[in-house]
Amino acid sequence: MAAVAEMNAAIRVLIVDDDPLVRAGLAMIIGGSPELSVVGEAACGAEVPAAVEVCALMDIRMPVLDGLAATELLRARPDPPEVVVLTTFDADEYVLRALRAGASGFLLKHTPPAEILRAIVRVSAGEPILSPTVTRQLIAHVADTGAAARRQHAVRVLSLLSEREREAAVAVGRGRSNAEISGELFMSIATVKAHISRILDKLDLNNRTQIALLAHDAGLTG
């Protein structure tokens, strides 16, 4: 009975990648973790089943329906799963489209296996994860050609928040966990979670990554 309970408690992961060797390798890595369980595989976005319960590990470049389009479709569902993009491509257009579509994480395929496992667990707990390369791109992103318009939009949107909600949003933009925000802002973790939930509702956002993008666009995370 204990084994059954442990299996039921495991984070359920769908692997989406057109390379069967990559899928096999990821399945082996994930299957070795007591916290995770592989519940299915797909070779392209079009093969993603109707029900993805917790987390999808998604490649970008795939035939028929690529990972970015599949992420947009998954995140548009009424009860969307979390999506971690795992790819060899780190071009700005891929990173930003994936994050704006609602992906909660973006990792490169050379990421060490242990970090991939930690990323899935963290994303499933409601916290985004980005590789250092992606974090640097987000910081650079606020200075590119469309920065002025995005900054104006982000400042206007964030003005809808209370002072404490805004502080929490900035902390999220700096990559802080709930526990770290709790310590920095002198509030309980339950209060942090409540603030994050209200921010998502007020601003009609999917997840913490999109809060972070707004904070970056507004120039509040430097």
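Count residues from 1 along the sequence. All values reported here derive from a predicted model rather than from experimental measurement.
Taking hydrophobic clusters as Ile, Leu, Val, Met, Phe, Trp and Tyr residues chained together by side-chain heavy-atom distances below 4.5 Å, Leu65 does not share a cluster with Val85. Residues Leu213 and Val155 do not share a hydrophobic cluster, defined by chaining ILVMFWY side chains whose heavy atoms lie under 4.5 Å apart. With hydrophobic clusters built from ILVMFWY side chains whose heavy atoms lie under 4.5 angstrom apart, Ile116 does not share a cluster with Val39.
Glu115 contributes no side-chain N or O that, together with a main-chain N or O of Pro112, makes up a donor-acceptor pair within less than 3.5 Å. Panel note: side chain Thr71, backbone Gly67; a donor-acceptor pair is recorded below 3.5 Å. No side-chain donor-acceptor contact under 3.5 Å links Arg75 to the backbone of Ala70. At distances below 3.5 Å, at least one donor-acceptor pair connects side-chain atoms of Asn207 with backbone N or O atoms of Gln210. No donor-acceptor pair under 3.5 Å is formed between the side chain of Ser33 and the backbone N or O of Ile30. The main-chain N or O of Thr221 is never found under 3.5 Å from a side-chain atom of His216 such that the two would form a donor-acceptor pair.
Atom-to-atom distance recorded for Ile120:CD1 and Ser104:OG is 12.5 Å, nearest 0.5 angstrom. The CE atom of Met62 lies 8.5 Å from the CG atom of Leu68; values are rounded to the nearest 0.5 Å. Atoms CG and CD1, from Leu117 and Ile29 in turn, are 7.0 Å apart once rounded to the nearest 0.5 Å. For the atom pair CG of Leu86 and CD1 of Ile15, the computed distance is 9.5 Å after rounding to the nearest 0.5 Å. If you take CD on Glu82 and CZ on Arg122, they are separated by 12.5 Å, rounding to the nearest 0.5 Å.
Proximity of Leu158 to Leu220: side-chain heavy atoms (C-beta onward) are separated by under 4.5 Å at one or more points. The shortest distance between side-chain heavy atoms of Leu205 and Leu214 falls below 4.5 Å. A 4.5 Å side-chain heavy-atom check between Val13 and Leu26 finds every atom pair outside the cut-off. Put simply, the side chain of Glu163 does not reach to within 4.5 Å of the side chain of Arg166, judged on heavy atoms. In this structure, the side chains of Leu203 and Leu161 come closer than 4.5 Å at one or more pairs of heavy atoms. Counting only heavy atoms from C-beta outward, the side chains of Ile189 and Ser182 approach each other to under 4.5 Å. Side-chain contact between Val16 and Asp59 is absent, with no heavy atoms from C-beta onward closer than 4.5 Å.
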(request) Check the pair Arg156 / His153 against side chain to side chain donor-acceptor pair (under 3.5 Å), numbers first and verdict last. (result) CA-CA 5 Å; Arg156 179 181 59 79; His153 169 75; 3.1 Å; yes
(request) Give the intermediate values and the outcome of side chain to side chain contact (heavy atoms under 4.5 Å, CB included) for residues Leu185 and Val192. (result) CA-CA 9 Å; Leu185 300 184; Val192 173; over 6 Å; no
(request) Evaluate side chain to side chain contact (heavy atoms under 4.5 Å, CB included) for Val48 paired with Leu74, printing each intermediate quantity in order. (result) CA-CA 9 Å; Val48 173; Leu74 284 174; 3.8 Å; yes
(request) Apply side chain to side chain contact (heavy atoms under 4.5 Å, CB included) to Glu180 and Arg174, showing your working. (result) CA-CA 11 Å; Glu180 289 168 337; Arg174 290 173 176 157; over 6 Å; no
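Here the closest heavy-atom approach between residue Ser37 and residue Ala10 is recorded as CB-CB, 3.9 Å. Annotation for Ile199 and Ile211: closest pair CG2-CD1, 3.6 Å, computed over non-hydrogen atoms. In terms of heavy-atom proximity, Pro63 sits nearest to Ala43 at CD-O, 4.2 Å. His195 and Ala168 get closest at one heavy-atom pair: CB-CB, 4.3 Å. Summarising the geometry of Ala27 relative to Glu41, their closest heavy-atom pair is CB-OE2, 3.8 Å, with the distance given to 0.1 Å. Closest non-hydrogen pair, Ala46 versus Val64, comes out as CB-CG1, 3.8 Å.
Ser188 pairs by the side chain to side chain donor-acceptor pair (under 3.5 Å) definition with Thr191, not counting sequence neighbours.
Electrostatic pairing of Arg77 and Glu72 does not count as a salt bridge here, judged by no charged N lying under 4.0 Å from a carboxylate O. For Arg164 and Glu167, the salt-bridge test passes: some basic side-chain N is under 4.0 Å from an acidic carboxylate O. Salt bridge status for Lys109 with Asp17: present, with a side-chain N to carboxylate O gap under 4.0 Å.
For residues 200-212, the salt bridge (charged side-chain N to carboxylate O under 4.0 Å, His left out) pairs, not counting sequence neighbours, are Glu165-Lys202.
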